[in-house]
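Below you'll find the structure, written out as structure tokens, and then a few comments.
Residue indices begin at 1 and follow the sequence shown. We use all heavy atoms of the structure for the numbers below, so side chains are in, but hydrogens, waters and symmetry mates are not.
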Amino acid sequence: MMSFVLNALTCALGLLYFIRRGKQCLDFTVTVHFFHLLGCWLYSSRFPSALTWWLVQAVCIALMAVIGEYLCMRTELKEIPLSSAPKSNV
């Protein structure tokens, strides 16, 4: 369970570097976990039915989306530096 939580935290950093948009973090997070669900289903040849598996996935989706969105929004809200110096001397 701890490895899933640590993976969610590192993937939140991946959202910061690859997605860079706060609005797209939840979409990307759910898509990644959907592909994980399909991979688990194909590997074990049965649909995951354990309640603990679903709870861990829900917690990891929430962690990854919220932390990733926080990191992305923090970089989106940085001030844009404006220079008051002229660009060329005429």
Side-chain angles (χ1 to χ4, degrees):
M1 189 170 14
M2 206 51 200
S3 65
F4 279 107
V5 172
L6 290 175
N7 185 40
L9 296 176
T10 57
C11 286
L13 289 174
L15 290 174
L16 174 64
Y17 291 111
F18 295 115
I19 302 302
R20 296 185 183 192
R21 297 277 310 187
K23 291 182 178 182
Q24 296 174 345
C25 287
L26 181 62
D27 296 335
F28 186 77
T29 300
V30 171
T31 302
V32 166
H33 281 83
F34 177 73
F35 286 134
H36 179 254
L37 169 68
L38 291 179
C40 289
W41 193 358
L42 291 172
Y43 182 76
S44 66
S45 300
R46 62 185 181 94
F47 192 75
S49 60
L51 180 63
T52 55
W53 188 88
W54 287 102
L55 289 175
V56 167
Q57 296 307 312
V59 168
C60 289
I61 287 172
L63 275 175
M64 185 175 164
V66 169
I67 294 172
E69 189 169 337
Y70 170 75
L71 293 173
C72 290
M73 293 298 272
R74 203 175 87 195
T75 58
E76 285 179 1
L77 294 177
K78 284 185 181 177
E79 288 187 26
I80 299 172
L82 297 174
S83 177
S84 61
K87 293 190 179 202
S88 64
N89 292 331
V90 178

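Considering NE2 of His33 and SG of Cys60, their distance stands at 5.0 Å, rounded to 0.5 Å. Here Phe18 contributes atom CZ and Cys11 contributes atom SG; the two are 10.0 Å apart, rounded to the nearest 0.5 Å. Considering OG1 of Thr29 and CD of Glu69, their distance stands at 9.0 Å, rounded to 0.5 Å. The CG atom of Asn7 sits 12.0 Å away from atom CE of Met2, with the distance rounded to the nearest 0.5 Å. We find the CG-OG1 distance between Leu26 and Thr31 to be 9.0 Å, quoted to the nearest 0.5 Å. The NZ atom of Lys23 lies 13.0 Å from the SG atom of Cys72; values are rounded to the nearest 0.5 Å.
Within 6.0 Å of CZ on Phe35 lie no more than 12 heavy atoms contributed by other residues, nucleotides or ligands.
Taking the side chain as every heavy atom from C-beta outward, Met64 and Leu15 approach each other to under 4.5 Å.
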Should Glu76 and Arg21 be marked as a side-chain contact (heavy atoms from CB on, under 4.5 Å) after you check the CA-CA gap, both sets of side-chain angles, and the distance that decides it? CA-CA 8 Å; Glu76 285 179 1; Arg21 297 277 310 187; 4.0 Å; yes
Quick one: do Phe4 and Trp54 satisfy ring pair (Phe, Tyr, Trp, His ring centres under 6.0 Å)? Show the steps, please. CA-CA 12 Å; Phe4 279 107; Trp54 287 102; over 10 Å; no
Cys40 vs Trp53, test: side-chain contact (heavy atoms from CB on, under 4.5 Å). Steps then yes/no. CA-CA 11 Å; Cys40 289; Trp53 188 88; 4.0 Å; yes
Between Val5 and Leu63, does a side-chain contact (heavy atoms from CB on, under 4.5 Å) hold up when you go through it step by step? CA-CA 8 Å; Val5 172; Leu63 275 175; 3.8 Å; yes
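Val56 and Val30 fall into different hydrophobic clusters, defined by Ile, Leu, Val, Met, Phe, Trp and Tyr side-chain heavy atoms under 4.5 Å apart, directly or through other members. One hydrophobic cluster, built from ILVMFWY side chains closer than 4.5 Å, holds both Phe34 and Phe47. Criterion: ILVMFWY side-chain heavy atoms under 4.5 Å apart, direct or through other members. Under it, Ile67 and Tyr70 are part of a common hydrophobic cluster. Residues Leu13 and Leu9 fall within the same hydrophobic cluster, defined by Ile, Leu, Val, Met, Phe, Trp and Tyr side chains chained together at heavy-atom separations under 4.5 Å.
A donor-acceptor contact shorter than 3.5 Å is absent between the side chain of Trp41 and the backbone of His36.
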